[in-house]
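As the structure is a computational prediction, the values presented were derived from the model and not from experiment.
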Amino acid sequence: MAGPDLVKTVVYTINNILQQEKYKAALAVVKGFRNGAVYGAKIRAPHALVMTFLFRSGSLKDKLRAIAKATYQHSRNLAYFVFTYKGLQAIQERIQGKSLQSQSFFAACLGGWLVFGENNNINSQINMYLLSRILFALSRLAVEKGIVPQPKRDPFPLFATLVWGIVLWLFEYHPHTLQPSLQSSMNYLYHDSNVWHDISDFLVYNKPRTVAPK
């Protein structure tokens, strides 16, 4: 019975610590690390699975290894960033005695530099994803603050027009400037659809299946 009793004691002690207000800031940092790791894996795993099997060549083992590597890197980086951001926020708030907007900005800047500053495929995708979101958010904020006048018409159609016009122009004439994953997607959509040999690679497959030599 010592085993179950010991487990109950440990669980009770941990739960008691989790309820202590004096540990809340530190525990929030730990849970932030946990949530970053879980969310990163949830987001990256299905994306890596689809993109790898759709566009990547190689053996099944190589594909699974690539999926695991991408998922681990995304999960790790997000966990490290949340840990760094929340930790720096807590330290600044403790030193200055109150919460300030500058604390969030500084903590995120330093965390971004430390964690997402390395130029690789995963970080590039995450940073560009965030860039599109903050441009939208800053546009809305500029209108709310009166810096930019409220549009008389919905600007979204113009936005969509320019986005698609520019990205296809870049793809057709300056493809090297686009991210590799976007190049692969656009090649599949716009260039691979120009080539076929018979009904098999017209409707069933994208490219003719190669038959292994006997």
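Here Tyr72 sits alone; no ILVMFWY side chain lies under 4.5 Å from its own, so it joins no hydrophobic cluster. Grouping Ile, Leu, Val, Met, Phe, Trp and Tyr residues whose side-chain heavy atoms lie under 4.5 Å apart, directly or via other members, places Leu203 in a hydrophobic cluster with Trp196, Ile199, Phe202. Connectivity analysis of hydrophobic side chains (ILVMFWY, heavy atoms under 4.5 Å, direct or indirect) links Leu135 to Leu131, Ile134.
In terms of heavy atoms, Leu27 sits closest to Ile17 at CD1-O, 3.8 Å.
Rounding to the nearest 0.5 Å gives a distance of 11.0 Å between CD1 of Ile14 and OG1 of Thr9. Between the CG atom of Leu170 and the CD atom of Gln183 there is a distance of 10.5 Å, given to the nearest 0.5 Å. Atom OG in Ser184 sits 11.0 Å away from atom CG in Leu189 (nearest 0.5 Å). Here the CG atom belonging to Leu100 is positioned 14.5 Å from the CZ atom belonging to Phe105, to the nearest 0.5 angstrom. The line from OG of Ser200 to NZ of Lys207 is 14.0 Å long, rounded to the nearest 0.5 Å. Gln125 CD to Leu182 CG: the interatomic distance, rounded to the nearest 0.5 Å, is 10.0 Å.
Judged as a salt bridge (Lys or Arg N to Asp or Glu O under 4.0 Å), not a single pair has a partner in residues 16-42 (not counting sequence neighbours). For the salt bridge (Lys or Arg N to Asp or Glu O under 4.0 Å) condition, the pairs that include at least one residue of residues 54-76, sequence neighbours left out, are Asp62-Arg65. Among residues at least two apart or in separate chains, side-chain hydrogen bond (donor to acceptor under 3.5 Å, both in side chains) pairs with a member in residues 84-100 are Tyr85-Gln89, Tyr85-Ser104, Gln96-Gln103.
Remark: Arg140 is not positioned above the aromatic ring of Phe136, lacking an NZ or CZ atom under 6.0 angstrom from the ring centre and at most 45 degrees off the axis.
The ring pair (Phe, Tyr, Trp, His ring centres under 6.0 Å) search around Tyr205 returns none, not counting sequence neighbours. For His176, there are no ring pair (Phe, Tyr, Trp, His ring centres under 6.0 Å) partners, not counting sequence neighbours. Phe116 is linked by a ring pair (Phe, Tyr, Trp, His ring centres under 6.0 Å) to Phe81, counting only residues two or more places apart in sequence or in another chain. Among residues two or more places apart in sequence or in another chain, the ring pair (Phe, Tyr, Trp, His ring centres under 6.0 Å) test is passed with His47 by none. For Leu60, the side chain to side chain contact (heavy atoms under 4.5 Å, CB included) test picks out Phe53, Leu64, with sequence neighbours left out.
Residues Leu88 and Leu110 have side chains in contact (heavy-atom distance under 4.5 Å, counting atoms from C-beta outward). Looking at heavy atoms from C-beta onward, Glu118 lies out of side-chain contact with Asn77 at the 4.5 angstrom threshold. Taking 4.5 Å as the limit, every side-chain heavy atom of Arg44 sits out of range of all side-chain heavy atoms of Leu78.
Under the 4.5 Å side-chain heavy-atom criterion for ILVMFWY residues, no single connected hydrophobic cluster contains both Leu54 and Leu49. Transitive grouping of hydrophobic side chains (ILVMFWY, heavy atoms separated by less than 4.5 Å) keeps Val29 and Val82 in distinct clusters. Under the 4.5 Å side-chain heavy-atom criterion for grouping Ile, Leu, Val, Met, Phe, Trp and Tyr, Ile43 is connected to Phe83 within one hydrophobic cluster. Residues Val10 and Tyr12 do not share a hydrophobic cluster, clusters being chains of Ile/Leu/Val/Met/Phe/Trp/Tyr side chains in contact below 4.5 Å. Under a hydrophobic clustering in which Ile, Leu, Val, Met, Phe, Trp and Tyr are joined whenever their side-chain heavy atoms come within less than 4.5 Å, directly or via other members, Leu130 and Tyr80 fall into the same cluster.
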**Report entry** Working for side-chain contact (heavy atoms from CB on, under 4.5 Å), residues Asn16 and Gln20
**Finding:** CA-CA 7 Å; Asn16 186 52; Gln20 300 293 319; 3.7 Å; yes
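Checked by atom type and distance alone, the side chain of Ser75 pairs as donor or acceptor with a backbone atom of Ala37 at under 3.5 Å.
Using modelled atom types and a 3.5 Å distance limit, the side chains of Gln73 and Asn120 yield a donor-acceptor pair.
Annotation: Gln101, atom CD; neighbour count of heavy atoms from other residues, nucleotides and ligands within 6.0 Å does not exceed 12. Residue Asn119 places its CG atom among 12 or fewer non-hydrogen atoms of other residues, nucleotides or ligands, all under 6.0 Å distant.
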Run the side-chain donor-acceptor check on residues 145-162: report pairs under 3.5 Å with partners two or more places apart or on a different chain.
unit_1, atom_1, unit_2, atom_2, d
Asp154, OD1, Phe156, N, 3.0
Thr161, OG1, Pro157, O, 2.7

